[in-house]
Number of protein chains: 2
Amino acid sequence: MDIAAVARRAGVSTATVSRVINSSSKVRENTAAKVRAAIEELNYRPNSSARCLRSGRSNLFGIIVSDIRNPFFPDLIEHFELLATQHGIDVTIANTGYNEQRLVAAVRRFFERGIDGLAIFTSEVSNATIELLRSADVPVVFLNQPALAGDFRTVTVDYIQGFVEAIEHLRMLGHKKIGFLAGPVTQNSANRRRKAFLAAMKACDLSLRDEWIFEGDHRLTGGRFAAERLFTMRNAPTALVCSNDMMAIGFLETASRLERRVPDEVSLIGFDDLFVCEVVHPALTTLHLSRKEIATRAFYALQASRNESLEHEPAVISPYLVPRASTGSVARLKSKAG
Amino acid sequence: MDIAAVARRAGVSTATVSRVINSSSKVRENTAAKVRAAIEELNYRPNSSARCLRSGRSNLFGIIVSDIRNPFFPDLIEHFELLATQHGIDVTIANTGYNEQRLVAAVRRFFERGIDGLAIFTSEVSNATIELLRSADVPVVFLNQPALAGDFRTVTVDYIQGFVEAIEHLRMLGHKKIGFLAGPVTQNSANRRRKAFLAAMKACDLSLRDEWIFEGDHRLTGGRFAAERLFTMRNAPTALVCSNDMMAIGFLETASRLERRVPDEVSLIGFDDLFVCEVVHPALTTLHLSRKEIATRAFYALQASRNESLEHEPAVISPYLVPRASTGSVARLKSKAG
DNA sequence: TTCGCAAATGTAAAGCATTACATTTTGTGC
DNA sequence: GCACAAAATGTAATGCTTTACATTTGCGAA
């Protein structure tokens with residue numbers, strides 16, 4: 001059941017069979033039909049190792065995420081995979097668990113397999129990794145690494161605009177003491193969010209105290225710790241914006257355990273809009289970030305790289321606020337306190 | 001940067017280099033060291049297409065899940081991938097979205113890539129698919145397809161035992177009118193859960209009315225609809241066991257929207273123990289199903305197949321009850337009603 | 001009918017690692 | 001120092017497809 005068998009059966013050469021399979025050059029319709037019939041009858045499937053070895057193309061895209069347990073990423077994966085499959089491209093996935101070592105290992109493995117494109121949806125990207133990526137001649141697209149836009153394609157999120165929207169929303173509700181639950185300093189994507197938040201606060205003419213910035217880890221745990229801290233500090237912020245939903249959800253969980261009420265005691269805003277936001281209590285106000293759009297932009301960026309179409313306009317995604325029950329008027333809060 | 005370059009640099013033949021890489025036969029330590037040095041210096045990485053083509057081994061396992069958005073599966077994937085990586089095996093993932101077509105397509109693609117093992121964590125498995133799997137000589141392991149245990153390795157969940165535990169728990173709380181929110185009839189795994197629930201009810205000497213069985217889809221939606229039905233029916237069950245957590249969570253969401261109280265008006269039990277169970281309101285009582293154990297058993301089943309070790313004992317996983325806030329005493333319920 | 005050109009098809013090399021088999025080296029016992 | 005078995009290494013074929021280049025076919029014009 002190799003290509004030679006098909007060729008014999010169809011009474012043509014292997015080259016012709018190959019041409020039919022790849023539609024790489026014209027074959028008379030008559031001949032093509034015979035070949036297709038033979039393929040069908042023998043139930044032939046080309047061996048992708050051989051194809052990849054010979055042609056240098058694998059028809060395989062790699063996608064690397066930092067935390068597959070964060071529902072943000074499965075969404076991203078699903079959209080990306082669907083799109084790729086529609087284009088006849090396979091996708092292979094790696095999860096780093098926020099670990100740079102695992103990222104490098106994954107990149108190596110992918111390169112050995114000769115992937116044709118690589119989407120990196122993680123933030124822990126060291127210089128060594130960048131070098132590694134540069135050395136291989138493979139199209140790469142990053143999420144939220146605008147600093148790399150010179151060398152690689154990028155899809156970035158307009159965090160500032162998103163945070164401004166969140167802060168405006170809180171201000172309308174009367175909040176002035178707004179805190180931020182940040183991601184780990186070791187991740188440059190988390191740092192971008194942090195900086196964007198500061199910039200947004202400045203843009204909104206609000207001042208931010210150092211002790212209103214809480215350090216987190218982008219997982220549930222980070223939110224849990226932050227809640228314990230916030231509810232025991234004096235002069236706590238009346239509203240907290242979180243760097244992602246997972247932490248906001250962890251915050252809610254602990255708040256509920258401590259019998260503290262959101263938004264009555266503190267208003268909370270997340271980031272991402274995971275499906276869980278609708279089912280937690282109270283439903284979480286958050287900034288929606290479209291996974292479909294990110295996946296689509298990333299995918300086409302890779303396709304464009306492959307086709308040497310060199311227009312290099314970085315895609316920018318705008319999040320937007322989805323108001324739910326976790327944010328409330330500061331007046332209500334004060335009346336309770338007083 | 002092919003193997004010949006390494007061989008030249010180390011002053012040996014390509015065969016020797018290959019032997020060092022694969023530790024396939026003895027090489028004098030002295031020689032091996034030279035080879036390793038050459039590999040290091042040239043930063044050589046073997047081309048996996050060539051290896052796979054020649055050896056017939058790809059060092060690649062495939063894993064297919066039915067719904068990557070259901071947090072159950074990312075957990076499974078993470079554990080499986082971690083284990084595989086530790087054993088030097090790559091993992092490639094496909095998501096079917098409960099669609100049999102996509103399952104078949106994924107299997108085909110995987111076979112073309114010459115995967116060495118395939119873990120199928122989906123339930124929509126048709127006979128045509130079984131045939132396809134049988135025709136290829138690749139180790140396969142299924143989750144919850146005990147009917148296939150004759151032909152393939154399987155990991156199964158002891159649903160009956162799990163449901164008995166859930167029902168006993170409810171009975172202790174005084175419930176006798178217990179309903180079931182089932183998964184789609186088109187999935188045989190869902191059917192197994194349904195049958196197991198019926199068996200468990202019988203084992204507990206409880207009777208079950210037909211109208212207390214709700215049809216769902218194993219996603220949030222199914223739970224939402226079920227809640228709307230249950231809260232408007234007369235003679236509704238006082239407790240509801242769900243075929244999975246996603247539906248239970250959808251149920252909670254709609255209950256909250258309808259301002260109906262769980263467990264005051266109805267007790268709710270889920271299945272899986274997703275991370276969200278702790279953060280929804282009320283926290284969801286559920287049956288914990290260990291993803292780590294499933295992943296581990298499945299992985300070693302594949303490894304065993306590869307090594308021709310033919311002991312064929314199907315692994316059985318026992319879920320256990322995790323009581324949380326969504327189940328309550330029926331007395332409390334009656335006092336409210338009365 | 002014949003010529004010439006473009007289109008279609010065929011031939012065979014190449015891509016890179018593994019491995020059966022052949023050959024050389026090493027080490028042991030005398 | 002020699003013979004011989006065992007261990008280490010080398011040679012070259014092999015896996016399957018793609019593709020550069022060579023050849024044949026088809027077709028319109030003369």
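Letters A, B, ... mirror the listed sequences (proteins, then strands); counts begin at 1.
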**OP:** Verify whether one side chain among A/Asn59 and A/Arg51 offers a donor that lies under 3.5 Å from an acceptor in the other.
**Re:** no
Closest to the [X] side chain, choosing from [options]:
| X | options | value |
| --- | --- | --- |
| B/Thr16 | D/dT19, D/dT17, D/dG10 | D/dG10 |
| B/Asn47 | C/dC16, C/dT9, C/dG10 | C/dC16 |
| A/Leu53 | C/dG10, D/dC16, C/dC16 | C/dC16 |
| B/Arg28 | D/dT17, D/dT9, C/dA17 | D/dT9 |
| A/Asp2 | C/dA17, D/dT18, D/dT17 | D/dT17 |
| B/Ser55 | C/dT19, D/dA8, C/dA17 | C/dT19 |

Original post:
Is there a side-chain polar atom (N or O) of A/Tyr44 under 4.0 Å from OP1 or OP2 of D/dC16?
Top reply: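 Answer is no, no contact under 4.0 Å.
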Subject >> Short side-chain N/O contact to D/dT19 OP1/OP2 from A/Arg57, under 4.0 Å >> reply: yes
Subject >> Distance in Å, A/Asn47 CG paired with A/Met1 CE, rounded so as to fall on 0.5 Å steps >> reply: 10.5 Å
Any donor-acceptor pair, under 3.5 Å, between the side chain of [X] and the base of [N], if you only look at N and O atoms?
| X | N | result |
| --- | --- | --- |
| A/Arg54 | D/dT17 | no |
| A/Arg51 | D/dT18 | no |
| B/Arg19 | D/dG10 | yes |

Original post:
Is the shortest side-chain N to carboxylate O distance from A/Arg113 to B/Asp90 below 4.0 Å?
Top reply: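 Result for this pair is yes, salt bridge flagged.
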Subject >> Salt-bridge criterion met for A/Glu131 and A/Arg134 (N-O under 4.0 Å) >> reply: yes
Original post:
Would the B/Phe121 and B/Phe72 ring centres measure less than 6.0 Å apart?
Top reply: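 Ring-ring flag for B/Phe121/B/Phe72: false, centres at least 6.0 Å apart.
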Would you classify [X] as touching base, sugar-phosphate or nothing, given that sugar-phosphate means primed atoms plus P, OP1 and OP2, and contacts are heavy atoms under 4.0 Å?
| X | answer |
| --- | --- |
| B/Thr31 | sugar-phosphate |
| B/Val12 | sugar-phosphate |
| A/Ser18 | base |

Original post:
Where each residue is assigned the nucleotide of DNA chain C containing its nearest heavy atom, which of A/Thr14 and B/Ser48 is assigned the position nearer the 5′ end?
Top reply: A/Thr14
